[in-house]
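Here's the structure we're looking at; comments come further down.
For the single chain, residues carry numbers from 1 onward in sequence order. Small disclaimer: the values here were computed from a predicted structure and weren't measured.
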Amino acid sequence: MIVDLLTLAALVALQQAGHVWSSRSRNSGNPRHHRFAAYWSNLTWICSYGYFTSLLIQLNGDEKGLASFFALAVVYTISAAESSVAAMSFLLRREKGSNRVGAYPGEK
């Protein structure tokens, strides 16, 4: 179960970072930048969703089902929140020119 939780945490962190990147890039002035972010966000979402679903299916019939579900929920929530904050901090330092939130197309 520990390996499953660590794998879930990593997938959720990648998924959430992709979501933050995609969301911020959607509000930038660079459609090409948003295209890469959107592909990454959707790819990591489907991977983390599939893995999370497979873990839930494994819990069916497990005598520790509720405790295991609680562990999944805690790991998911903490991984999502902390990676969201980390990704936003990273992107705030990195975004320049038309990749900045609120930039106009063609802005340098």
Distance-only side-chain donor-acceptor flag, S48 / Q15, under 3.5 Å =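 Distance-only check passes for S48 and Q15.
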Test item: Q58 and D4 side chains (from C-beta on) under 4.5 Å apart, heavy atoms |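 Touching, per the 4.5 Å side-chain cut-off.
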Can you check whether [Y]'s main-chain N or O pairs, donor with acceptor, with [X]'s side chain at less than 3.5 Å?
X   : Y   : answer
S89 : V85 : yes
S41 : A37 : no
N60 : L56 : no

Hydrophobic cluster membership, [X] vs [Y], 4.5 Å side-chain cutoff:
X   : Y   : result
Y76 : I46 : no
L11 : L6  : no
V74 : L8  : no
L43 : V20 : no
L14 : I78 : no

Verdict with reasoning, F70 to L66, per side-chain contact (heavy atoms from CB on, under 4.5 Å) = CA-CA 6 Å; F70 183 72; L66 189 57; 5.9 Å; no
Separation between [atom1] of [X] and [atom2] of [Y], rounded to the nearest 0.5 Å:
X   : Y   : atom1 : atom2 : result
W21 : F90 : CH2   : CZ    : 9.5 Å
S83 : M88 : OG    : CE    : 13.5 Å
L55 : L5  : CG    : CG    : 7.5 Å
Y51 : L72 : OH    : CG    : 9.0 Å
E82 : T77 : CD    : OG1   : 11.5 Å

Exercise: identify the closest heavy-atom pair between [X] and [Y]:
X   : Y   : answer
S28 : S25 : OG-O, 2.7 Å
L59 : S68 : CD2-CB, 3.2 Å
Q16 : A80 : CG-O, 3.0 Å
S79 : V12 : CB-CG1, 3.8 Å

Give every residue pair that meets the salt bridge (Lys or Arg N to Asp or Glu O under 4.0 Å) criterion with at least one member in residues 8-27, sequence neighbours excluded.
->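 Sorted result for residues 8-27: R24-E95.
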Run through R32, H33, H34 and flag the one making a side-chain contact (heavy atoms from CB on, under 4.5 Å) with F36.
->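 Going through R32, H33, H34 one by one, the side-chain contact (heavy atoms from CB on, under 4.5 Å) with F36 is satisfied by R32 alone.
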